[in-house]
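Here's the structure, in structure tokens; my notes come after.
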There are 2 protein chains.
Amino acid sequence: MSYSRDALISLLQRHDIGPTHQRLEIAQVLFSRGEHLAAEQILALVNEHRAETSKATVYNTLNLFRDRGLIREVIVDPKRVFYDPNTQPHHHLYNVDSGEITDIPADDLVVSGLPELPPDMVTTGVDIIVRMRARQP
Amino acid sequence: MSYSRDALISLLQRHDIGPTHQRLEIAQVLFSRGEHLAAEQILALVNEHRAETSKATVYNTLNLFRDRGLIREVIVDPKRVFYDPNTQPHHHLYNVDSGEITDIPADDLVVSGLPELPPDMVTTGVDIIVRMRARQP
DNA sequence: TGGCGAATTAGACAAAGTCCAGGTATTAAC
DNA sequence: GTTAATACCTGGACTTTGTCTAATTCGCCA
């Protein structure tokens with residue numbers, strides 16, 4: 001799916017994010033692909049045609065988007081963080097060999113028996129990661 | 001709990017790991033504490049009294065232990081990997097503020113509705129991470 | 001047009017982890 | 001005991017991901 005410039009602007013604005021050129025470019029890459037991308041991949045994609053955005057801005061922007069709830073971090077690979085434009089509750093299937101991440105819809109999945117938290121604590125998220133690899137030949 | 005030198009030696013041997021001095025020191029730290037420790041913490045603990053083990057050896061040894069199934073990686077913090085001496089199935093409660101990790105026993109917990117994997121793939125593990133933080137004051 | 005705050009930038013920096021070439025132990029054989 | 005073979009360990013250079021800072025630039029509005 002592709003997003004019009006206006007759609008992206010209003011998306012950012014609904015999250016209290018000023019719609020600058022660089023932020024729109026980065027949002028474009030994230031939302032049009034709908035993939036799980038690492039910062040360095042986003043940096044490369046944004047500058048594919050001509051250099052438009054610096055490394056610092058990509059990192060700043062991803063942190064901003066994450067803080068504002070526009071995207072979500074996926075922590076499955078100790079080497080780098082992936083960013084997920086889908087903020088609906090869902091989980092992840094991680095191919096350990098290829099590094100590929102795919103979604104597991106949350107509504108197919110039920111978890112019961114989670115422990116009580118201490119009363120002054122709140123859950124910020126439940127991440128389920130199913131790791132898989134190719135069967136040994 | 002504390003482990004005797006002999007107990008550690010046989011533990012390593014059962015996992016096909018030659019019981020060298022440095023490996024025993026590292027195993028001692030991991031298994032006697034039973035905590036989730038990062039490599040740099042293990043390095044510091046092993047050298048607490050006198051320098052015995054280099055950074056390279058700590059990293060090599062942790063990777064070896066992990067490959068041989070003696071310990072498990074816990075990937076919850078993009079900044080560093082934690083190592084878990086408990087290889088029984090269980091999950092983790094992660095305090096986002098303090099970085100503290102505690103165990104959730106697997107038998108209290110039921111997950112249903114996990115998707116079918118492609119036939120040539122095998123699950124290498126299902127990690128569930130419950131992230132929590134202090135409620136806003 | 002000019003000025004102001006917000007955003008962007010290059011590049012230095014930091015931290016975690018890996019790699020390599022050389023040195024040290026341990027074992028085995030004589 | 002020496003020697004040889006092998007496995008292991010080490011310092012330090014290096015890589016990668018991400019952050020920080022101080023200076024510049026942008027975009028807006030009066």
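Predicted, not measured: the structure shown is a model, and the values here were computed from it. Per chain, numbering begins at 1; letters A, B, ... match sequence-line order.
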Quiz item: So which of B/His90, B/Arg66, B/Arg72 actually passes side chain to side chain donor-acceptor pair (under 3.5 Å) with B/Asp84?
Solution: B/His90

Exercise. Just call it for B/Ala39: base, sugar-phosphate, or nothing, with non-hydrogen atoms closer than 4.0 Å on any strand.
Key: sugar-phosphate

Quiz item: How would you give the extent of chain B contacts on DNA chain C, as first and last nucleotide 5' to 3' within a 4.0 Å heavy-atom cut-off?
Solution: C/dA16 to C/dC19

Quiz item: Are B/Ile101 and B/Phe82 close enough that some pair of their side-chain heavy atoms sits under 4.5 Å apart?
Solution: yes

Practice problem: Mind calculating the distance between CG (A/Asn60) and C1' (D/dT17) to the nearest angstrom? | Solution: 14 Å

Quiz item: How many angstroms lie between atom OG1 of B/Thr53 and atom CD1 of B/Ile42, to the nearest 0.5 angstrom?
Solution: 11.5 Å

Quiz item: Roughly, in whole Å, what's the span from NE2 in B/His21 to C1' in D/dC9?
Solution: 11 Å

Self-check item: Touch class at under 4.0 angstrom, heavy-atom based, for A/Thr57 against every strand present
Solution: base

Quiz item: Atom CG of A/Asp67 and atom P of D/dT19: how far apart are they, to the nearest Å?
Solution: 11 Å

Quiz item: Base, sugar-phosphate, or nothing: which does A/Asp77 touch, judged by heavy atoms less than 4.0 Å apart?
Solution: nothing

Self-check item: Between C1' of D/dC9 and CG of B/Asn47, the distance in whole Å
Solution: 13 Å

Quiz item: To the nearest Å, how far apart are A/Tyr59 OH and D/dT21 P?
Solution: 18 Å

Quiz prompt | A/Gln41 CD to D/dT17 C1', straight-line distance once rounded to whole Å | solution = 13 Å

Quiz item: Between A/Glu40 and A/Tyr59, does a side-chain hydrogen bond (donor to acceptor under 3.5 Å, both in side chains) hold up when you go through it step by step?
Solution: CA-CA 9 Å; A/Glu40 297 292 327; A/Tyr59 279 96; 2.9 Å; yes

Exercise. Would you give the length of the straight line joining atom CG of A/Asp6 to atom CG of A/Leu11, rounded to the nearest 0.5 angstrom?
Key: 12.5 Å

Quiz item: If you find the nucleotide of DNA chain D closest to B/Pro78 and the one closest to B/Glu52, which residue's nucleotide is nearer the 5' end?
Solution: B/Glu52

Quiz item: Whole-Å distance between D/dT17 P and A/Asn63 CG?
Solution: 16 Å

Practice problem: Check whether the side chain of A/Lys55 and the base of D/dG18 form a donor-acceptor pair under 3.5 Å. | Solution: yes

Practice problem: Compare all side-chain heavy atoms of B/Tyr83 with those of B/Val74 and state whether any distance is below 4.5 angstrom. | Solution: no

Exercise. Mark yes when over 12 heavy atoms from residues, nucleotides or ligands other than A/His21 sit less than 6.0 Å from its NE2; otherwise mark no.
Key: yes

Quiz item: CZ of A/Phe82 versus P of D/dG18: gap in Å, rounded?
Solution: 9 Å

